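Values in this document were obtained by computation on a predicted structure and should not be read as measured data. When a ligand or atom number is given, it counts from 1 through the structure's own listing order. For this chain, numbers begin at 1 and follow the sequence in order.
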Amino acid sequence: MNVITTVAEMIAQREHLPRPLGLVPTMGYLHEGHMTLARWARRDNRSVVASIFVNPTQFGPSEDFASYPRDMERDLQVLQAEGVDVVFAPTVEEMYPQGFSTYVNVERVTEVLEGARRPGHFRGVATVVAKLFTIVRPDRSYFGQKDGQQVAVVKRLVQDLNLGTEVVVVPTVREPDGLALSSRNVYLTPQERRAAPVLYRALSRVRDLYLAGERSAERLRQEAAGMINAEPLAKLDYISIADAATLEELAVVDRPTMVSLAARFGRARLIDNVVIGQG
Ligand code: PAF
């Protein structure tokens, strides 16, 4: 496995990598969710590039950029074991050299949910993802459904700027009790960790009610909110029932729909989602 830290080397390497080429963009501190992305990429492509870059532009000033968990040595072992060919792990200065002043702003789909609560977050995500696509030129790129709004933003970005990569969405990997894997789960105390699966229980309840015929978004939202508000350690931020592509809130569930939520458990802010109404 080749570890590359400069943009120039990555551009030179990509010309020699057999096609199709799959890209797995990550911020490191890899868990089973990332490993699943790498496995899917390995299965579908002749070459696999994984990037490890904790992207400062997608963190707000009061967010956890400095303390975001990092473990490069272990990450490289994990990626090697998954058969990744090249790891692109640039420094912040390499990605954002002095004078950097171009940012990508995806409108509308970034203005709700996480985007409304984390100003600038998706501007940072869209900018770094556009840079990674330009540097690596992947035929396919792999993103987890866990970050459901990010998926909608990246799909819009690729379509609008004709970036020519197929966005492959990989299902969320969960602990046996339903908690979605996330690098930020390390912030949970043991008590909060025991309480956190209430999020997936609430999402599963919404899906069951939908499958039983409920189509009122308001009734589905209320059901999920009731379950989460009954958990003393959870502080619910939002529950959204929205068009899966545009993220516009729905009154009636009559199309592919993302049911998403965010809640705080002490220091950890967790997000999760399920997609319903896919036909
Ligand atoms: O999902 C992530 O880990 C990040 O948002 C991404 C896509 C690697 C961009 O920094």
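- Within the structure, the salt bridge (Lys or Arg N to Asp or Glu O under 4.0 Å) test picks out the following pairs touching residues 39-62 (sequence neighbours left out): Glu32-Arg39, Arg39-Glu82, Arg42-Asp85.
- Atom CZ of Arg194 sits about 11.0 Å away from atom CG of Asp177, to the nearest 0.5 Å.
- For the pair Arg70 and Tyr29, the cation-pi test (distance below 6.0 Å, angle within 45°) is failed.
- The ring pair (Phe, Tyr, Trp, His ring centres under 6.0 Å) test applied to Tyr238 returns no partner, not counting sequence neighbours.
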Tabulation required: pairs of a nitrogen or oxygen in ligand 1 and a protein nitrogen or oxygen under 3.5 Å; columns are atom names and distance to 0.1 Å; otherwise 'none'.
unit_1   : atom_1 : unit_2 : atom_2 : d
ligand 1 : 1 (O)  : Gln150 : NE2    : 2.8
ligand 1 : 5 (O)  : Gln58  : NE2    : 3.0
ligand 1 : 5 (O)  : Gln150 : OE1    : 2.7
ligand 1 : 10 (O) : Gln58  : OE1    : 2.6

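- A perpendicular orientation is assigned to the rings of Phe143 and Phe133, their planes being inclined by more than 60° (bins at 30° and 60°).
- Take Val112 and apply the side chain to side chain contact (heavy atoms under 4.5 Å, CB included) test, not counting sequence neighbours, and it matches Gln149, Leu247.
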